[in-house]
Amino acid sequence: RLRKWQERIRTKDAGERNLQFALSEIDRMASALGVPRSVREVASVIYRRALNEDLIRGRSIEGVATSALYAACRQEGIPRSLDEVAEVSRVPQKEIGRTYRYISQELGLELKPVDPKQFVPRFASALGLSEEVQAKATEIIDVSAEQGLLSGKSPTGFAAAAIYAASLLCNEKKTQREVADVAQVTEVTIRNRYQEQIEAMGFR
Amino acid sequence: MSAPADSIEIQNVVASTGIGQELDLEALADDLPGADFNPDNFPGLVYRTQDPKAAALIFRSGKIVCTGAKSIDDVHEALGIIFDKLRGLSIPVDENPEITVQNIVSSADLGHNLNLNALAIGLGLEDVEYEPEQFPGLVYRMDEPEVVILLFGSGKIVITGGKRTDDAETAVEEIVKRIDNLGLLD
DNA sequence: AGCTTACTTTGCAAAGC
DNA sequence: GCTTTAAAAAGTAAGCT
C-alpha cells in the first residue's frame, strides 16, 4: 500500500517534471524563432491537450512540444516552415512533420493550408525590402494562386518567388540567392515558380 | 467522352500466400540464383521474377509476400513460377496455396486541374491531409470504398488501400461526384 | 542551365527486434 | 515503431557536366 502511494507520487512528480520540461522547451524554441508570447501560450495549450488525450505515448516529449509550437504558429497566422522549426529543435524535421500531422488529426485542429502571403512580411523585412515590395509580392501571390498555380507547391517557395519578382518590379532587386537563403529554398525552386508567376501576371 | 474511370491503371498489387512448409533460407539463398538474403537487415529472402516482373519476400515460416505485379493474374503467374522453382529444389509445396490480395495501387486522370486548397476545405479538413511543404499531393481517406486517394493539382490521382479490382473504379466515380458537387471540377 | 538520381506521401503483408 | 518489397503521382533538392 505504501509502495503504491510512493509510486503514485513518483509518477506524479515525473509527469510534472516532464510537463515543465516540455513547456520550457517550447519557451526556448519560441524565443529562438522570435515568435510572440501569445504563440507560446497557444503552443502550451496544444501541448497540454495532447498530454490530456494521451497522445504523447510512443512519441518523444520534445517532438510533441515542437509540433505544438509549429501548429501554434500556423494557428496564429505567423507560420514557420518545418525547416525553421527543426533548426531550433533537437528533433529531426521528418519526425516533427509526422508528429504534427498526428496531433493535428487527433486534436481536430483543422488548420487550413499555410498561405504563402503569411511569409511575406518576415522574409521581406529580413531582406530589407520596402512596404511597396511586400504589397507587390502579395498581389503576385493572389493573382497566381487564383490561376491555380499554387496547388501542390511549397508555400515558402511560392512566397520566395513572388518576393524575388516584386523586388525586380519595384527596382529593389535582390538576387535569387539572397531570397533563397532567407526562405530556405533553392534558387532552382525560385526560378521555376518565378517563371510561372510572371506569366500569370501577364508580364514576360 | 472518356470517363475518368476509363483511365484507371493498376500499378502495383501486393499479395500474400504460404507454401505450408518451413524453409531453410540460408540453403535456399545458395540454391536460388539471384536471391538476396540479408538476415541482419531483414528476415525475408528477396526473389525477383522477370516475366511477369514481380518481387517476392520469402520467409522461414514458408509464408510469401508478392509485390510489384501489374495485375492479379500476374501475381498468380509470378507465384506459380516461384512455387515451381521451389518444387524443383525438392521442397514440398501445397497443391494450390491460397493467395490473398492485400492491396492494389492504381492511378487515374480526372482530366481537370484541381485547386487543392479549395478541395481541402470542401472535402472536409477532418478527412484531408494536405501539407504541400511536405508532399504535393492531397491525401483523402474515403470510407466507402475504404481507400486512400492522393489528389494532385494536375488532376492525376492515386488510389491505394483497396483489396478488390473494382474498388478503384468505385472510388474514382465517388471522388468525381464529390468534387463536382463542390463545383471544383473545372 | 540541364540532366540524373533520389527523397517526400499513401496502402499492405511478412518475422523479428 | 523499425527493417524490406513494389508502383504511381509532383515537388524539391543535390550532384555533375
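Chain A is the first sequence line, chain B the second, and so forth, proteins listed ahead of strands; every chain is numbered from 1. Source: prediction; values computed, not measured.
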Student: Does C:dA15 have OP1 or OP2 under 4.0 Å away from a side-chain N or O of B:S61?
Tutor: yes

Student: Once Watson-Crick and G-U wobble pairs under 3.5 Å are found, how is DNA chain C written in dot-bracket notation, 5' to 3', with | for any base paired to another strand?
Tutor: ||||||||.|..|||||

Student: What is the separation between atom CD on B:E133 and atom P on C:dT9, rounded to the nearest whole Å?
Tutor: 13 Å

Student: Does the pair B:K163/B:D167 count as a salt bridge with the N-to-O cut at 4.0 Å?
Tutor: no

Student: Taking the six-membered ring of A:Y102 as reference, does the NZ or CZ atom of A:R59 fall below 6.0 Å from its centre and within a 45° cone about the axis?
Tutor: yes

Student: Less than 4.0 angstrom between a side-chain N/O of B:R141 and OP1 or OP2 of C:dG11, yes or no?
Tutor: yes

Student: Counting only side-chain heavy atoms from C-beta out, which of C:dC12, D:dA9, D:dG11 sits nearest to B:L150?
Tutor: D:dA9

Student: Roughly how many Å is it from CD1 in B:I157 to C1' in C:dG11, rounded to a whole number?
Tutor: 15 Å

Student: Which of the following nucleotides, D:dA9, D:dA8, C:dA13, is nearest to the side chain of B:V105?
Tutor: D:dA8

Student: Give A:V185 one of three labels, base, sugar-phosphate or nothing, depending on what nucleic acid heavy atoms sit under 4.0 Å from its own.
Tutor: sugar-phosphate

Student: Write down the distance separating the C1' atoms in D:dA7 and C:dA15, rounded off to the nearest Å.
Tutor: 24 Å

Student: So, does B:K163 get its side chain near the phosphate of C:dG11, meaning an N or O under 4.0 Å from OP1 or OP2?
Tutor: no

Student: Just checking A:G152: base, sugar-phosphate only, or nothing, at a heavy-atom cut-off of under 4.0 Å?
Tutor: sugar-phosphate

Student: Could you pull out the protein-nucleic contacts involving nucleotides 3-5 of chain D (nitrogen or oxygen on both sides, under 3.5 Å)?
Tutor:
unit_1	atom_1	unit_2	atom_2	d
D:dT5	O3'	B:R48	NH1	3.4

Student: Within the pair A:R193 and D:dT12, is there a side-chain N or O less than 4.0 Å away from OP1 or OP2?
Tutor: yes

Student: Looking at every strand, decide which applies to A:R57 at a 4.0 Å heavy-atom threshold: base, sugar-phosphate, or nothing.
Tutor: nothing

Student: Can you name the closest pair of heavy atoms from A:I26 and A:R40 and give their distance?
Tutor: CG2-O, 4.2 Å

Student: Of all the heavy-atom pairs spanning B:L116 and B:L138, show the shortest one and how long it is.
Tutor: O-CD1, 3.5 Å

Student: Anything under 3.5 Å between a protein N or O and an N or O of nucleotides 1-7 of chain C, put it in a table, one pair a line.
Tutor:
none

Student: Under the side chain to side chain donor-acceptor pair (under 3.5 Å) rule, what pairs show up with a residue in residues 140-153 of chain A, not counting sequence neighbours?
Tutor: A:K117-A:D142

Student: My understanding is that only residues two or more places apart in sequence, or in another chain, count here; which of them pass salt bridge (Lys or Arg N to Asp or Glu O under 4.0 Å) with B:E129?
Tutor: B:R141

Student: Testing the basics here: between A:E84 and A:Q184, what is the closest heavy-atom pair and its distance to 0.1 Å?
Tutor: CG-OE1, 3.5 Å

Student: Which nucleotide sits closest to the side chain of B:F152: C:dG16, D:dA10, C:dA15?
Tutor: D:dA10

Student: Between the side chains of B:R48 and B:D36, is the shortest nitrogen-to-carboxylate-oxygen separation below 4.0 Å, so that they form an ion pair?
Tutor: yes

Student: If you compare every side-chain N and O of A:T186 against the phosphate oxygens of D:dA13 (OP1, OP2), does one of them come in below 4.0 Å?
Tutor: yes

Student: Does A:E25 come within less than 4.0 Å of A:R28, counting only side-chain N to carboxylate O?
Tutor: yes

Student: Measure from the side chain of B:R60, starting at C-beta and using heavy atoms only, and say which of C:dG16, D:dA10, D:dT12 lies closest.
Tutor: C:dG16

Student: Kindly indicate whether the side chain of B:I64, heavy atoms from C-beta on, has any atom under 4.5 Å from the side chain of B:F83.
Tutor: yes

Student: Which whole number of Å gives the distance between the P atom of D:dC2 and that of C:dT8?
Tutor: 12 Å

Student: Let me spell it out: for each of B:N103 and B:I64, pick the nucleotide of DNA chain C with the closest heavy atom. Which residue's pick is nearer the 5' end?
Tutor: B:N103

Student: At under 4.0 Å between heavy atoms, what does B:S154 touch on the DNA or RNA strands: base, sugar-phosphate, or nothing?
Tutor: sugar-phosphate

Student: Using a distance-only test with no angle check, is there a side-chain donor-acceptor pair under 3.5 angstrom linking B:Q102 and B:S16?
Tutor: yes

Student: Is the shortest distance from a Lys or Arg side-chain nitrogen in B:E131 or A:R74 to a carboxylate oxygen in the other one below 4.0 Å?
Tutor: yes

Student: When you check the phosphate oxygens OP1 and OP2 of D:dC2, does a side-chain N or O of A:R98 lie under 4.0 Å from one of them?
Tutor: yes

Student: In whole Å, what separates the P atom of D:dA8 from that of C:dG2?
Tutor: 26 Å

Student: Using OP1 and OP2 only, check whether a side-chain N or O of A:R59 sits under 4.0 Å from D:dG1.
Tutor: no

Student: Can you measure B:I10 atom CD1 to D:dA9 atom C1' for me and round it to whole angstrom units?
Tutor: 17 Å

Student: Does any pair with a residue in residues 175-186 of chain B pass side chain to side chain donor-acceptor pair (under 3.5 Å), and if so which ones, sequence neighbours excluded?
Tutor: B:Y140-B:R178, B:E174-B:R178

Student: Let me know the distance between CG of B:D109 and C1' of D:dA10, rounded to the nearest Å.
Tutor: 13 Å

